[in-house]
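The block underneath contains the structure these notes are about, expressed in structure tokens.
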Amino acid sequence: MEPAIQPDYLSGLNEMQKQAVLHTDGPSIVVAGAGSGKTKVLTARIAHLLKEKKAAPHQILALTFTNKAAAEMRQRITDVVGNGAQALWLGTFHSVFMKLLRREANSLGYPAHFSIYDTDDSKSLIKQITKALDLDDKLYKPSVILGRISHAKNRLIQPEVYAADPTYQKEDAYMRMPKFSEIFLRYTGHCLQAGAMDFDDLLVQTHKLFHDHPTLATKYQQQFRYLLIDEFQDTNLVQYRIAKTLAAHHQNICVVGDDAQSIYAFRGADIHNILHFSHDYPNHKMIKLEQNYRSTRHIVDIANHIISHNAAQLKKKVWTANPVGAPIQVLRARSDMEESQLVVNQLLTETLNNQLRYRDFVILYRTNNQSRNFEEALRKQNIPYQIIGGLSFYQRKEVKDLLAYLRFVVNQNDTEAFRRIINFPRRGIGPTTIDKIFSIAAESARPLWTVLHDLNDFLRGATATAVSRFVTLIDTAKQTNENAYTIAAYIAKASGLLKELHEDKTVEGRTRYEHIQELLNSIKQFVDQPENNDPSLGSFLQEIALLTSADQSHVHEDAVTLMTIHASKGLEFKYVYLVGMEEELFPSAMMLGSQADLEEERRLFYVAVTRAQLKLTLSHALSRYRFGKLTHVQPSRFLKEIAEHTTAQRATKPAQSTATAQSIKKSKLGGSMRKIGRAAPAQSSIGPTALQVGHMVHHLHFGSGKILKVVETAGMRKAVILFHKFGEKTLLLNYAKLDILPIIEKA
DNA sequence: GGGGACGGCCTTTTT
DNA sequence: GGCCGTCCCC
């Protein structure tokens, strides 16, 4: 064709980005600073592989950490290459390997439609085990046990190996959990028997599959010609090993990550994987993406300063050609309640003055429970908002109840599903009976379902009838062989679940009833999808097992977003409010113990700050309700770290404070580079009278422009400004945040 | 076996 | 301040 013309997906890439896209063969590592166009590079790379016919879609494996990131990538690739993108192996680690395991489950002794245990199921199972072992659950807390199991699994330590290792035994004795390895063994055995995998199993079993069945490993090694891994700094050992195995044949593995944004050590992510990679692939090419396209210079600078406090980091210098932008602002409130009001009031003012949409704003916090005050404040002002995180639709009790029925219809070995539904809605089967059923199954080594069919051997009277009805209900559903929707609708009705909720006339009851209807609708939608060639119940359950609340469709077109910092990774917003900047909250009290933990918190701070495109506002309160008690709290050490830096850079001038009626203190931080213009009052960047016709100015949202006219009406000064990118706008000088640019305009 | 009252406990972040 | 588990009585 015409070699001189670049394909579309390459235009608009800088030199380094282009290199990352075009270096397709052999191992490579892309160190991508925040906002450096990482997703753009990944999608361009895949588009390039497809366009150049280096691989068919099903020969490319691309792994991300969230469904959202995967969906966005798939969409962008589709935009370039069309429907071919559908056949890509692209998704989260968990979902991709679930799909693979489903195909190969039989080799591992699992049914193809294995159940997936979520955290609640796992904890409930652990509780059963500690009870059976007659252990005190004050000492053996299910959540702690699960955490340890998960940690061991992610480091590929088998329970048998764990049990035989004196080092681990000592550790457990020290933690006053000498029986931990016994629990671990039983837990794993139980999952296998129940035909269930927990989240970690989706990775661990994949690893085991390739390890135990070299022919299968070879099959996939040959299939996947190109491997891409996003957010590589967040991979744990199992994930790395799987990736390494899959890349063994073709060696075309490209990992993209940023050590400064590693925030998942608590769930086993190992920043050393970056080092392992360099070691395992000595001939790799390293490409650094250091230009930030997302944020103002103030924001990029402050981010760099934050990370410079960490000892452990890869050298890289993130910079930007963007304008300086607004200073970083700090709001101080007397109480947590006041903090939320301050933030929401300022947010509202900013939407109005800068002609912004609500969706341009995000409120970020360290812990989910902080959302509460902000929700109230937003509701009071009638501002639409959406909360990401917290409880997802599929985690609601009533939804999980119906899903448990469906799980049990698919897999009668799923004991956790069974426990959940055997007496809900109440049908007169109490703990005594349930214990009896389980102990008979254990003694006679028969599957649960067989025992339940022989119930007349050990049950009499009303209880026997009740259990028998339950068995018939499941059998009927099982034998219909219908699609997911038909079975679900039958179960919802025949189990009495719908009736139970329908009779509850409280507001909550109505909502729960609606949720069940909503679930049924979504199953119907799933079944009716034209491209769906497996509308079975098992297929539906696996489809939804890995969805999180972040994957829900947005209710509002235009709403303020609230979420944890963790959930915000990979996203960007024009205005970011980072709230609760207090000691023991952020950094979290749990993370003050070690240098490594504290550095992870600081990286979290870095992630939060780098979400902002135009303006970053931090806030903290002096008192906060904790455990229902009012407590005094100290400003976060992170605030001090950046404050010191800014004063050092900004000569002698102390942080300026303006007491207002609400006793707000706003101090300006940031401003590391020589500022264009000069230090300005907190509210608007520059006094309105200083502006004159002919001045070049910079506006946060509209960019640079020239003042054409200054008019005064009703005591308000307005300016007509011709912006380079947005054309003519009339702005109120009292509010508009304008910086005067030097006359010789240069960005 | 079911339902209501009380007390302890908590709080990190998530696929 | 709220959830969950336990205890106690019907």
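Below, chain A is the first sequence line, B the second, and so on; all start at residue 1.
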Which atom of V607(A) lies closest to which atom of R611(A), heavy atoms considered: O-NE, 2.8 Å

Short side-chain N/O contact from S588(A) to OP1 or OP2 of dT11(B), under 4.0 Å: no

Under 3.5 Å side-chain donor-acceptor pair for Q341(A) and E339(A): no

Cationic tip of R419(A) above F438(A) ring, under 6.0 Å, 45° of axis: yes

Touch class at under 4.0 angstrom, heavy-atom based, for R626(A) against every strand present: nothing

Closest-nucleotide 5' rank along DNA chain B - winner of M590(A) and T432(A): T432(A)

Atom pair distance, as rounded to whole Å: CD1 in I229(A) and P in dT15(B): 18 Å

Sugar-phosphate only, base, or nothing, as touched by F93(A) at under 4.0 Å among non-hydrogen atoms: nothing

Short side-chain donor-acceptor distance under 3.5 Å, N154(A) and H151(A): no

Nucleotide dT14(B), atom P - distance to CG of D120(A) in whole Å: 15 Å

Between P of dG1(B) and CZ of R460(A), the distance in whole Å: 16 Å

Flag for S340(A)-N373(A): side-chain donor and acceptor within less than 3.5 Å: no

Spacing between N67(A) atom CG and dT14(B) atom P, to the nearest angstrom: 14 Å

Comparing R366(A) and H94(A) on DNA chain B - which has the more 5′ nearest nucleotide: R366(A)

Nucleotide N/O of nucleotides 4-10 of chain C paired with protein N/O under 3.5 Å:
from   : atom 1 : to      : atom 2 : distance (Å)
dG5(C) : OP1    : K127(A) : NZ     : 2.8

Within residues 139-158 of chain A or reaching into it, pairs that qualify as salt bridge (Lys or Arg N to Asp or Glu O under 4.0 Å) - sequence neighbours excluded: R148(A)-E171(A), R148(A)-D172(A), K153(A)-D198(A), K153(A)-D201(A)

Sugar-phosphate, base or nothing in reach of F65(A), heavy atoms under 4.0 Å: sugar-phosphate

dG1(B) phosphate, OP1 or OP2, under 4.0 Å from T433(A) side-chain N/O: yes

Interatomic distance where CD belongs to E231(A) and C1' belongs to dT15(B) [whole Å]: 13 Å

Side-chain N or O of N368(A) closer than 4.0 Å to phosphate OP1/OP2 of dT14(B): yes

I242(A) CD1 to dT15(B) C1', straight-line distance once rounded to whole Å: 13 Å

Closest to side chain of M591(A), choosing from dT12(B), dT15(B), dG1(B): dT12(B)

Nearest-angstrom distance from the residue atom NZ of K68(A) to C1' of dT15(B): 16 Å

Distance test, side-chain N/O of K141(A) to OP1/OP2 of dC9(B), below 4.0 Å: no

Residue pair L202(A) / F97(A): nearest heavy atoms and the distance that separates them: O-CB, 3.8 Å

Phosphate contact (dG2(B) OP1 or OP2) by N423(A) side-chain N/O below 4.0 Å: yes

Verify stack between F266(A) ring and dT13(B) base, 5.5 Å, 30 degrees: yes

Side chain of R372(A) (C-beta onward), nearest among dT13(B), dT11(B), dG2(C): dG2(C)

Side chain of T92(A) (C-beta onward), nearest among dT15(B), dT12(B), dC10(B): dT15(B)

Separation of dG2(B) C1' from R427(A) CZ (nearest whole Å): 15 Å

Flag for Y625(A)-S335(A): side-chain donor and acceptor within less than 3.5 Å: no

Shortest side-chain distance from T564(A), nucleotide among dG3(B), dT15(B), dT13(B): dT13(B)

Qualifying residues under salt bridge (charged side-chain N to carboxylate O under 4.0 Å, His left out), relative to E500(A), sequence neighbours excluded: none

Spacing of the P atoms in dC4(C) and dT13(B) (rounded, Å): 15 Å

